[in-house]
Amino acid sequence: MTAYFKEIISGTWSLFVGLGITIVYFFKPVVTLQYPHETLPMTPRYRGHIDLVWDEVRGTNKCIVCNGCMKACPSNCITLAGEKAEGGKGKVLTQYTLDFTKCSLCGLCVEVCPTEALDFSKEYNLAGFDEKDYVFDLLKRLEAKHS
Amino acid sequence: MFFIDAELIRLLAFVLGVIGFVALNAAYLVWLERKEAGHIQRRIGPKEVGPFGLLQPLADALKLMTKNLITPDGVDPILFKIAPILVMVPAIMSFVTLPFSDTLVARNLDVGLLAVFAFASINVLGLLLGAWGSRNKYAVISAARVVSQNVAYEIPMLVIIVTLVMITGTLNLHEIVTLQTGGFWHWNVLKFSASPLMPVAFIIFFICMLAETNRAPFDMAEAESELVAGAFTEYPGMGFGVFFMGEYANIVVGTSLATILFLGGWDCPLGLFPGVHWFLIKMYALIFVVIWIRWTYPRTTFYGLLNLSWKILIPVAFFNLILTSAMLKVF
Amino acid sequence: MDTDAITRPLEAVPTTAVKTVDYKARGFHLEVSVSPQHLRDVVTVLDRTGFFIETITGVDWLGEKAALRKEAEAAAAAKAKAAAAKAAKAAEEASAEVSTEESPAPKAEKAPAPVAAPEAPKQPEVPQTDDLEAVYDFNRYDTLFRVAVRVRVPRDTPEIPTISEIYPAAHWHEREARDFFGFTFAGHPYMVPLLLPEDADFHPLRKDFTA
Amino acid sequence: MNAFAPNPTNETFVLNLGPQHPATHGVLRIKLVMDGEYVVEAEPVLGYIHRMHEKMGENRTWAQFMPNTGRMDYLHALAYNHNFACIVERAAGIEVPERAEFIRVITSELNRISSHLLWFGAFILDLGGFSPLLYAFDDREQILDLLETVTGSRLTYCYFRFGGVYNDIDENFEAGARAFVARMRERMPMYHALVTKNIILMKRLTDIGHVPAEMCRKYGATGPVARGAGIDFDVRKHEPFSIYPRFDFDIPVYHEADSMARYMVRMDEIEQSLRIIEQALGAMPEGPVMAEKVPKTLKPPKGDYYHAVETARGSFGIRAVSDGTNTPWRLKLRTPSYSNLIVFGEAARGMLLPDALALLGSLDLVIPEIDR
């Protein structure tokens with residue numbers, strides 16, 4: 001019998017404690033961010049899709065067409081092509097396509113690159129209506145950014 | 001010449017007013033609920049449509065109304081369509097006899113209290129028919145829950161009402177309020193001269209009111225993590241909308257009744273400036289508490305609810321009844 | 001954990017081969033190979049001594065036999081080569097005083113071919129069909145002791161008795177192994193696909209499966 | 001136990017819970033044979049999102065499989081990263097620098113807390129309480145922000161590498177982790193007052209959903225399910241991996257074997273993880289975060305290997321068979337939720353539907369891990 005009343009009293013008390021906690025939060029300021037109106041800066045290490053890096057000295061990309069990224073990619077989403085450089089030695093990048101629909105953002109390509117020609121972009125607003133919008137021509141993107 | 005009964009015009013105006021009041025309340029209680037839930041959870045809640053998201057209910061209503069009213073295959077078409085109306089109409093009818101202020105009452109019935117409870121019990125029937133008619137297993141489980149829940153909770157509620165009627169000696173809601181005027185110490189919730197357990201009685205009434213209107217933590221009828229949407233699982237567009245409005249209308253009825261029976265209706269706590277504003281303040285404060293409770297507690301189970309009703313609420317209510325009658329006899 | 005207390009009853013079961021494994025390098029302590037007929041006896045012993053089942057791993061050894069044969073051939077070739085080299089060396093030593101600067105190497109390299117050729121068909125213990133292997137991993141709650149029970153069955157008739165009455169968990173693990181490898185677990189009460197669609201008739205983890 | 005005994009009738013019906021149902025948290029379907037509201041038979045139906053990670057593993061190199069590990073248990077992805085890194089290190093004999101081990105432990109424990117917080121919110125949501133979910137997400141957000149600054153992603157991390165970690169941590173991360181430990185310690189009493197001690201929750205969880213120790217053993221259940229049944233089994237203590245033996249922490253064990261015990265195990269584990277993080281932050285050595293001698297194309301020697309770690313849901317083991325080439329011959333992923341879910345069929349028998357769903361929630365299932 002005492003257990004019965006004890007349970008009623010402690011149970012009722014626990015209910016009031018709960019109400020007390022929620023009403024305190026009711027009057028506290030909100031912690032959410034109103035996303036499209038406010039945004040947070042992305043962290044420096046944020047891993048968006050990959051992007052080619054601009055070489056300030058040479059005024060072009062840093063790629064030497066070693067195909068390392070293509071081989072490292074687990075989902076085969078990188079295709080690139082190059083041709084023999086005019087005059088000098090080595091190769092020049094002519095095409096770099098990223099099929100972002102397959103990419104899992106693992107970053108193995110960035111890691112494997114010997115010349116640090118690849119980097120993560122900070123883009124996260126990626127929504128669209130067509131699958132084809134996500135086959136990025138990274139070379140074109142780079143040129144558009146630096147022209 | 002036209003012989004139009006003035007009383008009839010008054011009644012029509014009142015019914016229209018009540019329907020408007022209920023519809024507006026249903027719409028804006030959704031807004032209030034979302035806003036309050038948001039702030040309890042430290043978010044803002046609706047804010048995009050109109051200032052403070054005030055036009056959100058209109059947008060929602062528009063969305064619900066433009067949706068196709070599908071009658072799923074295999075349902076009982078008559079029951080399926082009639083059920084939302086059966087939930088909505090009794091709630092509106094209850095308002096006819098609820099006194100908002102000294103003068104603001106559509107029909108001051110001598111059996112007003114009885115009429116409100118008569119209408120309130122139809123609500124369950126609507127849910128049962130809708131669930132049964134929609135031939136969905138979740139809905140049928142939900143219907144079984146609603147009915148037994150309501151049966152279990154009408155008993156303590158009515159025992160409390162009987163106690164109250166013994167104290168006031170009338171079933172007329174207007175008179176019940178009039179007997180409580182003159183400051184908060186006259187209200188039934190603090191009428192210690194009748195029974196020292198009156199605040200407890202008020203809490204029991206409030207719990208039963210939550211259970212009757214299927215509000216959390218007793219929302220087993222539409223327990224979305226168990227029964228998807230319970231009785232409303234098959235309802236599309238406005239069919240669901242009417243159910244939804246009916247639910248909020250029932251909350252308004254329940255809190256109004258609690259205000260009238262226990263909190264002195266339109267009476268001011270300090271005996272000054274009585275009027276409809278006090279009624280509304282008390283009613284909305286109670287609605288705020290109802291919403292506050294919903295966003296605080298987890299849901300009870302079915303047997304937990306029956307245990308609460310039969311093992312705690314009914315014994316306490318009966319004890320209160322006996323105590324009150326003894327005290328009325330003695331003093 | 002007293003290893004002997006486990007190994008002795010396990011060794012008592014016929015056809016078992018119990019082998020302790022270097023835990024640091026491999027991650028488990030005991031390896032028990034058993035024929036399918038006696039699997040249930042081994043599992044009963046483990047159940048009685050308080051092990052719990054972690055998982056059942058199927059492994060398709062397609063191409064293993066061919067590789068083994070190739071390896072055997074290579075080993076035989078190497079052996080023959082070594083023998084030939086030895087013979088050549090002996091011959092060289094014997095004829096040391098006769099021929100002085102003549103290199104014996106080209107002679108030795110030519111030599112193994114006729115020696116290895118008759119040796120290759122002398123491997124009757126390697127059958128033509130490859131095996132499917134089921135590895136049952138067991139572990140204990142109280143002490144660290146992992147046991148891997150290995151059962152090998154031919155790929156075309158991969159029948160293993162069920163252990164789902166001993167460990168109800170095997171109910172699902174066996175269904176999964178059947179889905180992916182096509183084992184037949186004799187005596188399993190409810191052998192419908194678990195992870196694959198109900199009407200699937202392919203076994204994706206077999207090495208010869210192509211989508 | 002239930003206050004009512006089931007009243008057996010011959011009129012049962014089949015209720016399809018899922019594949020899309022709010023309580024199954026993903027695409028799990030449970031075929032329930034019901035007698036009224038009593039569960040007579042419960043049969044989980046799996047495979048709706050099976051992606052065949054095991055076959056994928058056979059088709060790519062060891063290093064290329066790493067991103068896949070984070071996508072099985074997306075709530076405790078770092079533990080999955082950790083296990084795969086550990087098994088390859090064991091097979092190939094790679095030594096991991098000390099600092100990398102510390103970083104692994106700190107990030108993995110933070111991830112464990114975030115997983116438990118999400119479970120906490122979702123579990124209370126299953127029981128019909130809404131606000132604790134958002135409070136838990138508020139805290140979880142702090143962890144995700146922290147981990148984002150160091151790993152670059154928020155959910156499906158691919159942070160560990162064979163022989164170390166991808167990035168070193170900085171002072172900001174350390175300060176943030178310390179601040180989080182302090183914040184979480186302050187929040188725990190609130191969670192207990194709001195949820196744990198709530199009479200409604202206690203009534204819903206105590207003595208409901210028994211999974212006793214012997215049932216755990218027969219079904220191979222691990223993690224909080226086993227620890228809630230009084231089994232003192234945690235891979236971090238039982239089969240020490242990484243540098244866990246260096247830290248002083250307890251394994252919470254409850255003997256009631258009901259849903260409440262499992263709930264309490266997880267809540268206590270959050271506190272123990274905070275302890276580990278605090279100690280690891282205090283003892284953090286300087287040094288490299290990657291082993292120097294990691295071969296570019298990794299070819300572990302022939303043979304099979306087993307390694308297990310403790311994830312938020314239990315013991316996750318990998319059995320890897322190497323044929324000596326740069327692709328695995330076979331990768332078997334022993335996921336904890338899979339074994340824990342098998343228990344449900346037997347444990348849910350004779351329960352009421354809401355209690356069965358509370359039991360299902362208390363098992364803490366992550367469906368992509370079951371349908372790996």
Side-chain angles (χ1 to χ4, degrees), chain A residues 4 6-26 28-33 35 40-50 66 68-78 102-112 114 119-124, chain D residues 56-57 59-71 81 129-132 134-135 137-139 141-142 144-159 161 166-170 172-173 187 189-203 290 296-297:
Chain A
Y4 170 80
K6 233 184 214 161
E7 194 176 29
I8 292 179
I9 291 165
S10 67
T12 316
W13 175 244
S14 77
L15 295 180
F16 280 110
V17 167
L19 284 179
I21 289 169
T22 42
I23 199 70
V24 167
Y25 279 120
F26 180 80
K28 277 194 181 171
V30 296
V31 291
T32 51
L33 198 77
Y35 162 60
L40 284 173
M42 298 316 288
T43 58
R45 282 182 188 168
Y46 175 74
R47 293 213 303 244
H49 68 77
I50 52 167
C66 69
C69 45
M70 205 158 92
K71 283 176 204 145
C73 182
S75 16
N76 300 327
C77 53
I78 300 172
K102 290 193 215 158
C103 177
S104 57
L105 299 167
C106 62
L108 292 177
C109 46
V110 178
E111 222 169 313
V112 85
D119 198 6
F120 301 110
S121 72
K122 302 278 170 282
E123 257 177 63
Y124 56 92
Chain D
M56 277 192 240
N59 286 325
R60 44 186 67 179
T61 65
W62 292 89
Q64 281 180 342
F65 187 66
M66 188 55 104
N68 283 54
T69 56
R71 281 161 175 82
N81 274 196
F130 295 88
S131 298
L134 274 287
Y135 299 157
F137 263 64
D138 187 6
D139 287 332
E141 199 63 22
Q142 315 295 323
L144 295 191
D145 284 350
L146 265 178
L147 290 178
E148 190 192 348
T149 60
V150 40
T151 68
S153 39
R154 291 172 71 82
L155 198 67
T156 48
Y157 311 104
C158 176
Y159 178 51
R161 294 288 184 273
Y166 177 39
N167 275 330
D168 199 357
I169 59 171
D170 52 11
N172 284 344
F173 176 81
R187 293 275 279 190
M190 184 278 283
Y191 286 132
H192 284 304
L194 176 64
V195 179
T196 314
K197 292 192 183 122
N198 186 297
I199 181 80
I200 300 174
L201 188 100
M202 276 160 70
K203 287 272 171 199
M290 247 336 248
K296 228 175 177 179
T297 44

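Chain letters run A, B, ... following the sequence lines, proteins first and then strands; every chain starts at 1.
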Worksheet item: So which part of K122(A) gets closer than 4.5 Å to some heavy atom of chain D, the side chain, the backbone, both or neither?
Response: neither

Distance (rounded to the nearest 0.5 Å) between [X] [atom1] and [Y] [atom2]:
X	Y	atom1	atom2	value
S153(D)	F120(A)	OG	CZ	9.0 Å
Q64(D)	S75(A)	CD	OG	8.5 Å
N167(D)	R47(A)	CG	CZ	8.5 Å

Item to complete: Mind listing the closest non-hydrogen atom pair of K197(D) and S14(A) along with its distance?
Response: O-CB, 3.2 Å

Practice prompt. Taking all non-hydrogen atoms of both residues into account, name the closest pair between A63(D) and L108(A) and its distance.
Written response: O-CD1, 3.8 Å

Discussion item. Please classify the contact of Y159(D) with chain A as side chain, backbone, both or neither, using a heavy-atom distance under 4.5 Å.
Written reply: neither

Worksheet item: Considering only heavy atoms, which portion of D138(D) lies under 4.5 Å from any heavy atom of chain A: side chain, backbone, both, or neither?
Response: side chain

Worksheet item: Near Y124(A) OH, under 6.0 Å, is it more than 12 heavy atoms from other residues, nucleotides or ligands?
Response: yes

Fill in: Student check: side-chain heavy atoms of N76(A) and R60(D) closer than 4.5 Å
no

Practice prompt. May I ask you to test the L15(A)-I200(D) pair for a side-chain heavy-atom distance under 4.5 Å?
Written response: yes

Worksheet entry | Top contributor to chain A interface from T151(D), L134(D), D145(D) [non-hydrogen pairs under 4.5 Å] | T151(D)

Fill in: Partner chain A: residue of R154(D), M56(D), K203(D) with the largest heavy-atom pair count (under 4.5 Å)
K203(D)

Item to complete: For Y25(A), enumerate each residue passing the ring-ring contact (aromatic ring centres under 6.0 Å, His included) test, keeping only those at least two apart in sequence or located in another chain.
Response: Y135(D)

Practice prompt. Step by step, work out the side chain to side chain contact (heavy atoms under 4.5 Å, CB included) result for T43(A) and V150(D).
Written response: CA-CA 9 Å; T43(A) 58; V150(D) 40; over 6 Å; no

Worksheet entry | Sidechain-backbone polar pair: R71(D) side chain, S104(A) backbone, donor-acceptor under 3.5 Å | yes

